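Some notes on the structure that comes next.
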Amino acid sequence: MSSPSHPFASPLVHPTPAPTSALIFLHGRGDSSRNFLPLFTTTPISTPPHTLGGILSPKTRIVVPTCLPTHSPIYGTRYAVWFDMFHERGAWNGDYTAHQKHSIRACVSYLHSVIETEIASGIPASQIWVGGISQGMGAAMLTFLCGRWKLGGVVGLSGWVPFAADLVVEALSFIAPDLIPQDTSEDEKKQLDAAIDNVLATPVFLGHGTADRTLRYQIGRSVYTLFRVLGVKVEWRRYEGLGHWWRAPEEVDDMVEFMV
């Protein structure tokens, strides 16, 4: 599950006896699944047994993919990033380098394979949730938007969406260049229409703190506006005084309520 220029490791999985659903959740840049999974599953919530892993694990398999450190021209060092892009550089003006485009394609392809693995295990797409925090949210949102499934839902915390300013005309055309070929047949057009309908029918939950200095609150709010414009059913939660992380238990309670 890796490419020579942008490596990914096999996901870590929180043990679940007989899963009927799955939550695929992506850590932020500079992190790893080994560090993030125990932190994520032990996050406190209000409902007994009072941890996120405890309330989900009887039926929901928690899957945490990871990206491995690789040389990042943008950051100028080896860094664990889902794709090589600052949120404030190349995110809004459409000025993308060939390296950035390749790294995003590789990321989306890898995460699609993670979803396909869950489907192959017997979990229907409608019972799969995809989410992430910070840059992990950006990767999760692109994976969702460039997919073909009606998922159970998508969760984005303290993050952003690359290409938000020109998503439809720009992102889909080069992230998934085979999606809309010039000589599209009638059958292919029907498949494409079905994929778009599935994406637009997938609900989205977004949460962002007003005190986030890494990704300003207005950036998160613009993602909400984007999905409203696209016609996606989206829930928005504003958390007063919260910085660049999630708030437990309130925000995690909201996420669990959205999933169930």
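Predicted, not measured: the structure shown is a model, and the values here were computed from it.
A 4.5 Å side-chain heavy-atom check between Val223 and Val204 finds every atom pair outside the cut-off. Looking only at side-chain heavy atoms (C-beta outward), Thr41 and Ile62 come within less than 4.5 Å of each other. Side-chain contact check for Trp236 versus Arg228: every heavy-atom pair is 4.5 Å or farther apart. Taking 4.5 Å as the limit, some side-chain heavy atom of Ile123 sits within range of a side-chain heavy atom of Ile128.
The structure places OG of Ser103 at 5.5 Å from CG of Asp84, a figure rounded to the nearest 0.5 Å. Here the CD1-OG1 distance, from Ile55 to Thr47, works out to 4.5 Å after rounding to the nearest 0.5 Å. In this structure, CG on Leu242 lies 14.5 Å from CZ on Arg237, to the nearest 0.5 angstrom. Note: His50 NE2 to Thr42 OG1 = 14.5 Å, rounded to the nearest 0.5 Å. Going from atom CZ of Arg238 over to atom OH of Tyr224 covers 13.0 Å, rounded to the nearest 0.5 Å. Residue Tyr217 holds its OH atom at 11.5 Å from OG of Ser158, rounded to the nearest 0.5 Å.
Classification of the Trp82-His27 ring pair by plane angle, with boundaries at 30° and 60°, yields tilted. Using cut-offs of 30° and 60° for the angle between ring planes, the Phe25 and Phe40 rings count as parallel. Under the 30°/60° scheme for interplanar angles, the aromatic rings of Phe8 and Tyr110 are found to lie parallel.
Contact detail for Val63 and Val114: the closest heavy-atom pair is CG1-CG1, 4.2 Å.
Judged by distance alone, with hydrogens and angles left aside, the side-chain atoms of Thr16 form no donor-acceptor pair with the main-chain N or O of Pro19 at under 3.5 Å. The backbone N or O of Thr43 lies less than 3.5 Å from no partner atom in the side chain of Thr51, so there is not a single donor-acceptor pair. Not one N or O on the side chain of Arg221 forms a donor-acceptor pair closer than 3.5 Å with the backbone of His208. At distances below 3.5 Å, not a single donor-acceptor pair connects side-chain atoms of Arg29 with backbone N or O atoms of Val81.
A donor-acceptor contact under 3.5 angstrom links the side chains of Arg61 and Ser121, judged on distance only. Under the 3.5 Å distance criterion, with hydrogens and angles disregarded, a donor-acceptor pair is assigned to the side chains of Ser21 and Thr60.
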Review item, side-chain donor-acceptor pairs of residues 252-260, under 3.5 Å, at least two apart:
unit_1: Asp253; atom_1: OD1; unit_2: Ser46; atom_2: N; d: 2.9
unit_1: Asp253; atom_1: OD2; unit_2: Ser46; atom_2: OG; d: 2.5
unit_1: Asp254; atom_1: OD2; unit_2: Tyr239; atom_2: OH; d: 2.7

Name every donor-acceptor pair, under 3.5 Å, that has one atom in a side chain of residues 140-150 and the other anywhere in the protein, sequence neighbours excluded.
unit_1: Thr143; atom_1: OG1; unit_2: Ala139; atom_2: O; d: 2.8
unit_1: Arg148; atom_1: NH2; unit_2: Glu116; atom_2: OE2; d: 3.2

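Contacts of Ser126 classified as side chain to side chain contact (heavy atoms under 4.5 Å, CB included), with partners at least two apart in sequence or in another chain: Pro124.
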